[in-house]
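Owing to the predicted nature of the structure, the values given are computational and were not obtained by experimental measurement.
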Amino acid sequence: MDYLNNKFDVIVVGAGHAGCEAALSAAHLGCNVLLCTLDVNNIALQPCNPAIGGPAKSTLVREIDALGGVMGEVADATYLQMKTLNSSKGPAVRALRAQSDKREYSLYMRKIIENTPNIWLKQCCITELKTKDGKITGAVDEYGIEYTCNAIILTTGTSLEGKMYVGLQSYSGGRLGERAAIGLSDSLHKLGIRTKKLKTGTPARVDKRTIDYSKMTIQPGDDVLSFYSFKPNRPVRPQYPCYLTRTNEETHAIIRANLDKSPMYQGLIQGVGPRYCPSIEDKIVRFASNPSHHIFIEPEGLNTYEVYIQGFSTSLPACVQVEMLRSLPGLEKAHIIKPAYAVEYDSVPAVQTLHSLMSKDVQGLFFAGQINGTSGYEEAAAQGLLAGINSVKYLNGSDMIELSRSSSYIGTLVDDLVTKDIQEPYRMLTSRSEYRLLLRQDNADYRLTELGHDIGLIDDTQYKRYKDKQQNIQTEIERLKDTKLSATDEVNSILAKYNEHIDRGIRLAELLKRPNITYDVLRELNSETISAKDVADEVEVLIKYDGYINRQEQQVESSEKLEKYRIPANFDYKNLKHISTESKEKLEKIRPTNLAQASRIGGVKPADISVLMVMLKG
């Protein structure tokens, strides 16, 4: 009953997507967790787009699930629409996207948290961190109540010293209708931890009863559903459409005429915004030659009239937002329920953390989510899960988990954050991974379930299900390699539909390698072909892209050679010869743990790595 004395193993500050995964993983691994949030009604809130997944992000969600996290399960349970993006392209860029019921998602996550032993939920603002001899010992909240613990995970999102802007007016807060977290940044500064300002924004919400959908293009979900979680019995729910409209010259003229009312263009906001999710005014200025931009109209839930206007984030005044929206086809009579706004907040540059997401300066202090300079729910959840696992490893005195770039997108994400001094909100992209054909959404369980089971977050039942699936995949691959198809008239009549023809017998595996042949075609040709979609999808990729996959596996082997060169924590970079001053400064700032990491630091040259290799060999 340590909670009676405000004594916990781990304190998680923030209950967004990072905080929920952090608290749940630490609790499932046996720790007593205090989960602090500014508003218990906003647990796992989706303050921006009510959707999970998309390019690269869907792989993160599958990886979270494979390690024992819950985001995939919650997304599967609360979707309004499931849609596979880039389905006609290669497997490295295919991506599942779920339009979520925003409120249902939050309530489902809260139910999981409230039904998990060892988690104590509390609505309060943590304002001070307590340390002794460079280690976390506790925290203090806004009411002066002190809590003792040995590990703290900060997942403050956009709340840390947050300030919102609608036009030239500003308000203290991290999200619309929620206060900011004030005081904690000062405590971090006293511990020698540097913060910097970042900026993000979110579009207006519109009453769907005032929208004319007949002027828009419908965007339906998939006929054949896919899911995020590798667990069975996922719910089949009705599919609800999204819609597409476009900006036009009138929209652009309104924006250009009101740029003087933008806090960004007036210099009121100093923080850097996300490159890959710019405001609509940024799009109009930066891409002036583009006559229009896509705008997606997406439902926020079944029990609300609120509709999300994706691609239309802005910090222009509310009255200007009305003009802008009503210039869009189908939104001529739109009623705004909530205005768009920008928010500027404190983040902690992640070069100050280790790959475990623990601070380099304060032992037992972990950071996860937007505080590390990322954007996106999926990026946050992935970090939260890793921080939660490693907080328990730290408390137990065990080696902490450090995922490699070749193992996962989570590993790529964390390595980029702690190695590269990133100046803008970071978004996971397929192009960020040099191993993206190996790190697909379909094989996340193959890559990470063993680790999740070893950690203790994947139970024996789920682990057996995973092993059975892998066995089915291997059995089917062998069957396709062994089964020969004869060149009969019946076979060629089927192949003709796909512009294919065979003159002699061919093994099914060889036929599947042809560009026009999919696993569905094999089903027409061979009655023994399996029906399980997840198995079939992976079999098709492994056979069709076998040569490319082997090539990337060779790349991994080459990279692992550099990882074997470990760099001592106290390595003296300042006195290195034959390395530029710039490289020394960057190496000293990042303090990489091995040569592979050192080679990825911006500005460090191949010649510098060669010098380091010689020094480490000596």
Side-chain angles (χ1 to χ4, degrees), residues 42 45-52 54 78-81 83 97-106 164-167 169 171 173 175-178 200-221 239-255 257-258 261-262 277-284 292-343 377:
N42 288 342
L45 184 69
Q46 294 171 309
C48 200
N49 193 357
I52 300 295
T78 59
Y79 68 90
L80 296 174
Q81 182 191 98
K83 190 178 186 69
R97 183 182 185 274
Q99 187 70 27
S100 298
D101 188 307
K102 178 178 179 176
R103 194 66 194 147
E104 196 178 351
Y105 186 102
S106 176
M164 298 181 297
Y165 290 85
V166 180
Q169 296 176 294
Y171 315 84
R175 301 186 291 208
L176 195 64
E178 188 175 282
T200 190
T202 187
R205 270 54 165 191
V206 168
D207 188 325
K208 72 177 182 182
R209 296 171 296 181
T210 63
I211 297 175
D212 184 354
Y213 290 107
S214 68
K215 296 182 179 180
M216 302 177 180
T217 305
I218 193 168
Q219 304 287 301
Q239 293 271 57
Y240 292 88
C242 300
Y243 292 85
L244 171 66
T245 188
R246 285 176 169 273
T247 62
N248 51 53
E249 184 49 45
E250 181 186 356
T251 316
H252 299 189
I254 293 168
I255 292 169
N258 288 281
K261 302 178 183 69
S262 165
C277 190
S279 65
I280 189 64
E281 52 264 40
D282 267 357
K283 290 180 187 177
I284 301 310
S292 70
H293 298 274
H294 285 145
I295 304 296
F296 291 93
I297 312 300
E298 302 175 335
E300 292 230 325
L302 293 181
N303 298 311
T304 177
Y305 289 124
E306 280 188 57
V307 170
Y308 179 85
I309 314 298
Q310 187 196 23
F312 215 68
S313 67
T314 181
S315 56
L316 287 168
C319 57
V320 177
Q321 292 182 35
V322 173
E323 287 185 70
M324 291 160 54
L325 280 165
R326 290 180 180 172
S327 70
L328 302 177
L331 291 169
E332 293 88 350
K333 298 180 179 179
H335 169 69
I336 295 179
I337 297 175
K338 297 174 184 175
Y341 63 94
V343 58
Y377 313 139

The residue among Thr202, Val206, Thr247 that forms side chain to side chain contact (heavy atoms under 4.5 Å, CB included) with Phe312 is Thr247
At their closest point, which heavy atom of [X] faces which heavy atom of [Y], and how far apart are they?
| X | Y | value |
| --- | --- | --- |
| Glu300 | Leu80 | C-CD1, 4.3 Å |
| Asn248 | Leu328 | ND2-CA, 4.5 Å |
| Ala257 | Lys261 | O-NZ, 4.4 Å |
| Ser313 | Pro278 | OG-O, 3.6 Å |
| Ala334 | Thr210 | CA-OG1, 3.4 Å |
| Ser327 | Glu250 | CB-CD, 3.8 Å |

Can you tell me how far the [atom1] atom of [X] sits from the [atom2] atom of [Y], to the nearest 0.5 Å?
| X | Y | atom1 | atom2 | answer |
| --- | --- | --- | --- | --- |
| His252 | Ile280 | NE2 | CD1 | 6.0 Å |
| Thr78 | Lys102 | OG1 | NZ | 13.0 Å |
| Ile337 | Asp207 | CD1 | CG | 4.5 Å |
| Met164 | Arg175 | CE | CZ | 11.0 Å |
| Ile211 | Lys333 | CD1 | NZ | 13.5 Å |
| Asp282 | Ile255 | CG | CD1 | 10.5 Å |

Are the side chain of [X] and the backbone N or O of [Y] linked by a donor-acceptor pair below 3.5 Å?
| X | Y | result |
| --- | --- | --- |
| Arg205 | Pro203 | yes |
| Tyr341 | Leu176 | yes |
| Gln219 | Leu244 | no |
| Glu323 | Gln321 | no |
| Ser106 | Arg103 | no |
| Thr245 | Pro329 | yes |
| Tyr377 | Cys48 | yes |
| Glu281 | Ser315 | yes |
| Gln99 | Ala51 | no |

Partners meeting salt bridge (charged side-chain N to carboxylate O under 4.0 Å, His left out) with Lys83 (sequence neighbours left out):
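Counting only residues at least two positions away or on another chain, Lys83 forms no salt bridge (charged side-chain N to carboxylate O under 4.0 Å, His left out).
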Student check: side-chain heavy atoms of Ile297 and Leu331 closer than 4.5 Å:
yes
Leu316/Ile254 under side-chain contact (heavy atoms from CB on, under 4.5 Å): CA gap, chis, key distance, verdict:
CA-CA 11 Å; Leu316 287 168; Ile254 293 168; over 6 Å; no
Passes side-chain contact (heavy atoms from CB on, under 4.5 Å), Tyr79 versus Ile52? Steps please.
CA-CA 9 Å; Tyr79 68 90; Ile52 300 295; over 6 Å; no
Give every donor-acceptor pair under 3.5 Å between a side-chain atom in residues 304-311 and any protein atom, sequence neighbours left out.
residue, atom, partner, partner atom, Å
Thr304, OG1, Glu306, N, 3.0
Glu306, OE1, Lys338, NZ, 3.4
Tyr308, OH, Asn49, N, 3.4

Would you tell me whether His294 and Arg246 have side-chain atoms, one donor and one acceptor, within less than 3.5 Å of each other?
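Result is yes, a qualifying pair exists.
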Hey, is CD on Glu332 packed in by over 12 heavy atoms from elsewhere, all under 6.0 Å?
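More than 12 heavy atoms, drawn from other residues, nucleotides or ligands, come within 6.0 Å of this atom.
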